[in-house]
Amino acid sequence: MGLEIRPERASDFPAVRRVVAAAFGSDTEADLVERIRASDEYRPELSFVAADSGEVVGHVMIDGCMVRGEGGEREIVMLSPLAVAPDRQRSGAGTALIEHALAAADRAGEPLVVLEGSPDYYGARGFEFAGDHGLSLPLPDWAPRAAAQVALLSTYNPDDVTLRGRVVYPPSFDGLG
Ligand SMILES: CC(C)(COP(=O)(O)OP(=O)(O)OC[C@H]1O[C@@H](n2cnc3c(N)ncnc32)[C@H](O)[C@@H]1OP(=O)(O)O)[C@@H](O)C(=O)NCCC(=O)NCCS
């Protein structure tokens, strides 16, 4: 059977925890997933698993965050975290999860999705340097500036000043990085 991308359900949560911890080699991101689910920023309709014959092999979340700038403060969304089980990597699951999550965010009317990650990986999957669109992310000192990325969706309006400024991660991300 092929790979299925579908919204996560409560019955997936233990398997998601195992996949995320194995992918990152640490419990930190698995704990982050659970903190996001318990927070106001959780968007269950934008959180997906990749399943193969019923087995969860990957996971992605798009969750709420804020952007603060000249236009005031407003909520946008960010993609984090993304994980594919180590023995299932390099078979397109990560790409399929990103595509599915971006399409769902677009249908939900989100103008853009930000993230922090490899420009090589995400740049080939719809993302661009966020700085080129007036957005900055609170990157850790070790991260290259190019790690701040944004995917512009169909309702994005470059004249909308409320979409420019500093991205502020929600409290679930405190202490990470
Ligand atoms: C990053 C990750 C989600 C990719 O998932 P995946 O299912 O293997 O991705 P795909 O099969 O769609 O794409 C694989 C391609 O991405 C490339 N790739 C994977 N991680 C990459 C990275 N950090 N930087 C650049 N390229 C990367 C691989 O080299 C591969 O390219 P190739 O097949 O031409 O060699 C997966 O490797 C993972 O879970 N990593 C650990 C957790 C992580 O770093 N998550 C992302 C940050 S939130």
Side-chain angles (χ1 to χ4, degrees), residues 1-8 12-37 39 41-44 46-65 76-106 110 112-131 135-151 153 167-177:
M1 208 171 104
L3 200 68
E4 178 198 13
I5 312 290
R6 58 163 177 78
E8 67 172 12
D12 298 319
F13 292 174
V16 168
R17 184 170 179 93
R18 285 194 295 275
V19 166
V20 175
F24 285 93
S26 137
D27 282 335
T28 305
E29 289 76 12
D31 292 342
L32 170 66
V33 164
E34 290 173 5
R35 279 201 303 276
I36 292 169
R37 284 199 195 109
S39 75
E41 291 78 31
Y42 181 42
R43 302 283 298 266
L46 299 179
S47 299
F48 298 97
V49 294
D52 188 1
S53 304
E55 181 197 355
V56 173
V57 300
H59 178 254
V60 68
M61 280 178 135
I62 287 183
D63 23 76
C65 63
I76 56 166
V77 292
M78 62 192 286
L79 186 153
S80 179
L82 167 69
V84 173
D87 61 340
R88 308 305 287 262
Q89 291 178 5
R90 300 197 153 191
S91 62
T95 302
L97 281 162
I98 294 166
E99 282 175 359
H100 204 90
L102 288 183
D106 199 17
E110 296 297 339
L112 51 76
V113 178
V114 294
L115 66 73
E116 183 181 319
S118 156
D120 288 342
Y121 185 72
Y122 291 103
R125 291 164 180 81
F127 286 81
E128 314 169 50
F129 176 48
L135 285 162
S136 65
L137 271 71
L139 299 176
D141 290 343
W142 53 262
R145 283 182 69 238
Q149 294 172 69
V150 63
L153 303 179
V167 173
V168 182
Y169 294 165
S172 303
F173 286 77
D174 285 357
L176 286 174

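In listed order, ligands and their atoms are each counted from 1.
The nearest protein atom to atom 38 (C) of ligand 1, hydrogens excluded, is given as Gln89 NE2, 3.3 Å; this is a heavy-atom distance. Among all non-hydrogen protein atoms, the one lying nearest atom 39 (O) of ligand 1 is Val84 N, 2.8 Å. Here the heavy atom of the protein found nearest to atom 15 (C) of ligand 1 is Arg125 NH2, 3.8 Å. The single protein non-hydrogen atom nearest to atom 30 (C) of ligand 1 is Arg90 NE, 3.9 Å, given as residue, atom name and distance. Of the protein's non-hydrogen atoms, Tyr121 OH, 3.0 Å is the one closest to atom 9 (O) of ligand 1. Residue, atom and distance of the protein heavy atom nearest to atom 44 (O) of ligand 1 are Phe24 CE2, 4.0 Å.
Ligand 1 is approached by Gly92 to a heavy-atom distance shorter than 4.0 Å. For the pair Ala83 and ligand 1, a heavy-atom separation below 4.0 Å is found. Heavy-atom distances between Glu29 and ligand 1 stay at or above 4.0 Å for every pair.
With rounding to the nearest 0.5 Å, the separation of CG in Leu82 from CZ in Arg125 is 9.5 Å. Of the inter-residue distances, the one linking Met78 atom CE with Asp63 atom CG reads 6.0 Å to the nearest 0.5 angstrom.
Looking at every heavy atom in both residues, Gly58 comes nearest to Leu97 through C-CD1, 3.7 Å. Thr95 approaches Tyr121 most closely through the heavy-atom pair N-OH, 3.5 Å. Scanning both residues, Ala21 and Asp27, for their nearest heavy atoms gives CB-OD1, 3.8 Å. The two atoms that bring Ala85 and Val19 nearest to each other are N-CG1, 3.7 Å, heavy atoms only. For the pair Val49 and His59, the tightest heavy-atom approach, listed with the atom from each and the gap, is CG1-CD2, 4.0 Å.
Tested against Val113, the residues Val77, Asp106, Leu46, Ile98 include a single side-chain contact (heavy atoms from CB on, under 4.5 Å) partner, Val77. Considering Arg17, Arg6, Arg18 as possible partners of Asp12, the one that fulfils the salt bridge (charged side-chain N to carboxylate O under 4.0 Å, His left out) test is Arg6.
By the criterion of a heavy-atom distance under 4.0 Å, the backbone of Ser91, and not its side chain, is placed next to ligand 1. Neither the backbone nor the side chain of Glu99 has any atom closer than 4.0 Å to an atom of ligand 1 (non-hydrogen atoms only). With a 4.0 Å cut-off on non-hydrogen atoms, Ala23 touches ligand 1 through its backbone as well as its side chain.
For the pair Arg35 and Asp31, the minimum side-chain heavy-atom distance is below 4.5 Å.
For atom 32 (P) of ligand 1, the nearest protein heavy atom is 4.0 Å or more away.
If you number the atoms of ligand 1 from 1 as listed, the ones under 4.0 Å from a heavy atom of Ala93 come out as 7 (O).
Across the listed options Leu82, Val57, Leu32, Leu82 owns the non-hydrogen atom lying nearest to atom 3 (C) of ligand 1. For atom 10 (P) of ligand 1, the choice among Thr95, Leu3, Val60 with the nearest heavy atom turns out to be Thr95.
Side-chain atoms of Arg43 do not come within 3.5 Å of backbone N or O of Ile62 as any donor-acceptor pair. When atom types are taken as modelled, the side chain of Glu41 and the backbone of Cys65 share no donor-acceptor pair closer than 3.5 angstrom.
Considering both main-chain and side-chain atoms, Gly94 comes within under 3.5 Å of ligand 1 through a nitrogen or oxygen pair. At least one N/O-N/O distance between Ser118 and ligand 1 falls below 3.5 Å. Not a single N or O atom of Pro81, backbone or side chain, sits closer than 3.5 Å to an N or O atom of ligand 1. Between Tyr122 and ligand 1, no pair of N/O atoms sits closer than 3.5 Å.
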